Each structure stands twice: as structure tokens, then as C-alpha cells.
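Nothing fancy with the numbering, it's 1 onward along the sequence. Here the structure is a predicted model, which is why all the values come from computation and not from measurement.
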Amino acid sequence: MSCLREAGDDLLVDIEVSPASGKFEVRSYNEWRKRIEVKIRAPPEKGRANREIIREFSSAFNTKTDIVSGHKSRHKTLKIHGMDAETFRGLLEEKFGLIVP
């Protein structure tokens, strides 16, 4: 099982967030947790971290992104609208050099 699940025309992506890390960075794939590890600049207060995640993923993949679970947790599930798993994997490798099984 992977961190990617297709839901109709959209894609659900499981991530683990490290807030207040100095810069936005999609780091690696954690095989044990089955999550993509993401570092963000914002601290986890007043929704700043969630807003940064939505803004950065929307910009990187040029599509609308929402957080569908984990609003108050380091473990989140994102919904990437209008994207399939294969396209996401290709863009993830192209933009961040990350390969996800």
C-alpha cells in the first residue's frame, strides 16, 4: 500500500509535516509510515501551517489542493483535485526528485 489513493478524479495523498523547519521541502517517502515527509516554514499555530501546505502544493502541482483530514495533526491527508496517481508521481519526481512507490 502506498500513500496515494485515487478518489474519482482526485488524488488523496498522506503526508507527515515538520513545521517551523526554515523552508518548504518535500523530503522523502517514509516506507514504515507510508507517508510523504514534508518540511514547512510556518509554525503550527492559527492555521498558518495548513495554509502554507495548501498554497505550496497548489502552486507546485498547478491545481486546487485541500486538507481533508489531520487539520490539527502532523499526519494529514491532502486532496489533489483533478490528478491521478501516475501524473502526481511524475510531477513529484520532476519537481522534488522524489520517487514514491
Side-chain angles (χ1 to χ4, degrees):
M1 180 162 171
S2 176
C3 62
L4 308 176
R5 297 178 308 285
E6 292 186 8
D9 292 337
D10 304 326
L11 183 66
L12 300 177
V13 181
D14 295 325
I15 65 171
E16 182 174 351
V17 179
S18 295
S21 295
K23 66 177 183 172
F24 177 82
E25 184 178 12
V26 178
R27 292 278 307 194
S28 61
Y29 176 70
N30 185 317
E31 294 249 354
W32 185 71
R33 290 191 174 115
K34 306 289 188 222
R35 292 184 177 275
I36 296 172
E37 297 175 337
V38 178
K39 290 187 167 196
I40 61 171
R41 292 179 292 273
E45 56 190 35
K46 299 181 182 177
R48 290 182 186 144
N50 289 341
R51 286 192 299 274
E52 180 179 345
I53 291 165
I54 291 168
R55 182 179 62 249
E56 293 289 348
F57 272 85
S58 293
S59 175
F61 298 103
N62 199 29
T63 188
K64 184 178 179 197
T65 302
D66 293 314
I67 297 173
V68 294
S69 70
H71 289 88
K72 294 187 177 205
S73 171
R74 293 169 56 106
H75 298 143
K76 301 180 184 300
T77 300
L78 305 179
K79 180 186 262 187
I80 311 291
H81 293 266
M83 188 167 294
D84 61 38
E86 203 54 42
T87 302
F88 181 81
R89 281 185 180 100
L91 288 170
L92 200 61
E93 184 176 2
E94 176 186 316
K95 293 179 181 282
F96 301 104
L98 181 62
I99 298 173
V100 174

Residues at least two apart in sequence or cross-chain that pass salt bridge (charged side-chain N to carboxylate O under 4.0 Å, His left out) with Arg33, listed by chain then number, are Glu16
Distance check, rounded to the nearest 0.5 Å: Arg74 atom CZ versus Ser18 atom OG? 4.5 Å
When rounded to the nearest 0.5 Å, the distance separating OG of Ser2 from CD of Glu31 is 9.0 Å
side-chain contact (heavy atoms from CB on, under 4.5 Å) between Lys34 and Tyr29, intermediate numbers included: CA-CA 7 Å; Lys34 306 289 188 222; Tyr29 176 70; 3.3 Å; yes
Side chain to side chain contact (heavy atoms under 4.5 Å, CB included) filter on Glu56, not counting sequence neighbours, yields Phe24, Arg41, Glu52
If you link I, L, V, M, F, W and Y whenever their side-chain heavy atoms are under 4.5 Å apart, who else ends up in the same group as Val68? Leu12
If the condition is side chain to side chain contact (heavy atoms under 4.5 Å, CB included), which residues does Pro43 pass it with, not counting sequence neighbours? Glu45, Arg48
Output a table of donor-acceptor pairs, distance under 3.5 Å, between side-chain atoms of residues 89-101 and any protein atom two or more places apart or on a different chain; print 'none' if there are none.
{"from": "Arg89", "atom 1": "NE", "to": "Val100", "atom 2": "O", "distance (Å)": "3.1"}
{"from": "Arg89", "atom 1": "NH2", "to": "Pro101", "atom 2": "O", "distance (Å)": "3.0"}
{"from": "Lys95", "atom 1": "NZ", "to": "Ala60", "atom 2": "O", "distance (Å)": "3.2"}

With sequence neighbours left out, write down each residue that passes ring-ring contact (aromatic ring centres under 6.0 Å, His included) with Phe88, or none if nothing qualifies. Phe61
If you compare all heavy atoms of Ala49 against all heavy atoms of Pro44, which two are closest, and at what distance to 0.1 Å? CB-CA, 4.1 Å
Connected to Trp32, directly or through other members, by ILVMFWY side-chain contacts below 4.5 Å are none
Quick check: are there more than 12 heavy atoms from other residues, nucleotides or ligands sitting under 6.0 Å from CZ of Arg27? no
Which pairs with one or both residues in residues 75-85 pass side chain to side chain donor-acceptor pair (under 3.5 Å), sequence neighbours excluded? Asp14-Thr77, Asn50-Lys76, Asp66-His81, Ser69-Thr77, Asp84-Thr87
Residues at least two apart in sequence or cross-chain that pass salt bridge (charged side-chain N to carboxylate O under 4.0 Å, His left out) with Arg51, listed by chain then number, are none
Taking salt bridge (charged side-chain N to carboxylate O under 4.0 Å, His left out) as the definition, give me every residue that meets it alongside Glu37, ordered by chain and number, with sequence neighbours left out. none
Residues two or more places apart in sequence or in another chain: which of them pass side chain to side chain contact (heavy atoms under 4.5 Å, CB included) with Ser59? none
If I take atom CG from residue Asp10 and atom OG1 from residue Thr65, how far apart are they, to the nearest 0.5 angstrom? 10.0 Å
What are the two closest non-hydrogen atoms of Ile36 and Cys3, and how far apart are they? CG1-SG, 3.6 Å
Determine, step by step, whether Leu11 and Glu6 satisfy the side-chain contact (heavy atoms from CB on, under 4.5 Å) criterion, reporting the C-alpha distance in whole Å, the side-chain angles of both residues, the deciding distance to 0.1 Å, and the verdict. CA-CA 5 Å; Leu11 183 66; Glu6 292 186 8; 3.9 Å; yes
